[in-house]
Participant: 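One structure is given below, represented as structure tokens, and several questions about it will come after.
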Protein chains: 2
Amino acid sequence: MKTNEMRSDCPISSSLDIFGDKWSLLIVRDLMLHKTRTYGDFTKAKEKIATNILANRLQVLEEQGIIIKLPYPDNKVKGLYKLSKKGVDLIPAVIEIALWGSSHLSDTDESSPFIEEVKKNKVKFLKKIMDKLMAEDAA
Amino acid sequence: MKTNEMRSDCPISSSLDIFGDKWSLLIVRDLMLHKTRTYGDFTKAKEKIATNILANRLQVLEEQGIIIKLPYPDNKVKGLYKLSKKGVDLIPAVIEIALWGSSHLSDTDESSPFIEEVKKNKVKFLKKIMDKLMAEDAA
DNA sequence: AGTATTTACTTTCAAATTGCAAGTAGTAAT
DNA sequence: ATTACTACTTGCAATTTGAAAGTAAATACT
């Protein structure tokens with residue numbers, strides 16, 4: 001669709017070339033909080049992503065090796081998306097964005113157990129969730 | 001221009017509503033690394049932002065209280081942009097993005113002194129740069 | 001003092017992206 | 001056998017982006 005050209009050799013700029021939009025990191029968020037998701041699960045998220053945008057973002061994230069598509073057990077129609085190691089490594093950035101939004105934006109859900117736990121002990125939360133997501137991934 | 005409607009009460013989603021694009025965080029990056037910048041300085045960055053996009057992003061970031069526009073000393077034409085406290089608080093997220101890009105994307109400048117220093121001691125670097133940017137801001 | 005240049009934008013317009021709605025094709029359930 | 005579910009794709013209007021040119025005020029140059 002679009003050629004993969006980087007605007008510069010800056011790692012920030014090159015990262016934003018991949019996920020610098022309003023949707024990509026929400027997909028990462030959902031996979032971070034739920035471990036795996038189907039296509040339909042993503043469309044049910046409260047931000048209401050359009051299906052064509054979702055299909056495009058899943059494709060880009062998979063091409064970039066950030067997410068992995070697996071077959072759904074005992075079902076030939078469904079697929080299961082999960083974060084790769086590269087995707088799991090994005091979690092610290094997502095967490096920092098969540099913390100910033102939680103403390104600087106009004107009308108955001110400050111009282112979710114997720115944000116509570118991150119605020120209580122960021123390092124501990126990070127280790128816990130990253131360990132969980134990377135479990136059974138020796139394969 | 002656009003109404004400020006949030007897609008949800010998720011702090012991540014609401015944050016991306018503000019800076020979820022390819023340019024906003026590059027403006028934050030430049031202000032993080034250079035403390036202050038003029039309009040012209042931003043246009044000279046290697047990613048070559050179009051001037052209309054730059055003007056729009058500066059306006060949004062200022063409206064959101066992330067950056068502050070100050071008069072340039074002894075010059076009535078120039079302006080000086082700097083990060084507010086709210087903008088400085090975005091630095092941890094920017095740093096995490098930089099670290100991710102630096103370790104997971106090829107052809108990014110891994111050898112810049114900035115990235116080197118962050119990798120050596122992230123907490124120390126964060127404190128140093130945030131202290132520097134917030135200095136003389138009792139005003 | 002008059003002209004050129006710098007600075008910070010704005011405007012114009014084509015191209016690309018987004019987003020809504022509807023359509024499709026292959027399972028799976030009843 | 002028919003209906004529903006799941007994961008998309010397609011069509012199209014609306015919004016956003018991006019390149020280029022334009023503008024207006026302030027500064028520098030002669």
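Hydrogens, waters and symmetry mates play no part in the numbers below; they use all other heavy atoms, side chains included. Within every chain, numbering begins at 1; the chains are lettered A, B, ... in the order of the sequence lines, protein sequences first and strands thereafter.
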Participant: Tell me the interatomic distance from A:Asp41, atom CG, to D:dT6, atom C1', rounded to whole angstroms.
Facilitator: 11 Å
Participant: Which atom pairs, one a donor and one an acceptor, fall under 3.5 Å between side chains of residues 57-69 of chain B and the rest of the protein, sequence neighbours left out?
Facilitator:
{"residue": "B:Arg57", "atom": "NE", "partner": "B:Asp21", "partner atom": "OD1", "Å": "3.4"}
{"residue": "B:Gln59", "atom": "NE2", "partner": "B:Glu63", "partner atom": "OE2", "Å": "2.8"}

Participant: Taking C-beta and beyond as the side chain, do B:Arg37 and B:Leu80 meet within less than 4.5 Å on heavy atoms?
Facilitator: no
Participant: In chain order, what residues pass the ring-ring contact (aromatic ring centres under 6.0 Å, His included) check against B:Tyr39, with sequence neighbours excluded?
Facilitator: none
Participant: Report the distance from atom CD of A:Glu5 to atom C1' of C:dA16, rounded to the nearest whole Å.
Facilitator: 13 Å
Participant: Roughly how many Å is it from CG in A:Leu80 to P in D:dT6, rounded to a whole number?
Facilitator: 13 Å
Participant: Could you state the CZ-P distance from B:Phe19 to D:dT16, rounded to the nearest angstrom?
Facilitator: 19 Å
Participant: Looking only at side chains, do A:Ser102 and A:Lys119 share a donor and an acceptor under 3.5 Å apart?
Facilitator: yes
Participant: What is the distance, rounded to the nearest whole Å, between atom CG of B:Asp21 and atom C1' of D:dT16?
Facilitator: 11 Å
Participant: Go through the structure and list residues passing salt bridge (charged side-chain N to carboxylate O under 4.0 Å, His left out) with A:Lys82, not counting sequence neighbours.
Facilitator: A:Asp137
Participant: How many whole angstroms separate atom NZ of A:Lys48 from atom P of C:dA21?
Facilitator: 13 Å
Participant: Got a sec, which residues hit ring-ring contact (aromatic ring centres under 6.0 Å, His included) with B:Trp100, two or more places apart in sequence or on another chain?
Facilitator: A:Phe19, B:His104
Participant: Summarise protein proximity over nucleotides 9-14 of chain C in one line of letters, 5' to 3': B for base, S for sugar-phosphate only, - for none, counting protein heavy atoms closer than 4.0 Å.
Facilitator: BBBB--
Participant: What contact category does B:Thr38 fall into here, base, sugar-phosphate, or nothing, at under 4.0 angstrom with non-hydrogen atoms?
Facilitator: sugar-phosphate
Participant: Do B:Asp89 and B:Lys85 have side chains that get closer than 4.5 Å, going by heavy atoms?
Facilitator: yes
Participant: Side-chain N or O of A:Trp23 versus OP1/OP2 of C:dG19: is the shortest distance under 4.0 Å?
Facilitator: yes
Participant: May I ask you to decide whether B:Lys124 forms a salt bridge with B:Glu117, counting only side-chain N to carboxylate O separations under 4.0 Å?
Facilitator: no
Participant: Hey, what are the protein-to-nucleotides 24-29 of chain C N/O distances that come in under 3.5 Å?
Facilitator:
{"residue": "C:dA28", "atom": "OP1", "partner": "A:Lys76", "partner atom": "N", "Å": "2.6"}

Participant: Please report, rounded to the nearest Å, how far the C1' atom of D:dT17 is from the CG atom of B:Leu26.
Facilitator: 15 Å
Participant: Ignoring hydrogens and angles, state whether a donor on the side chain of B:Thr38 or B:Asp41 is under 3.5 Å from an acceptor on the partner side chain.
Facilitator: yes
Participant: Roughly how many Å is it from CG in A:Leu54 to P in D:dC8, rounded to a whole number?
Facilitator: 8 Å
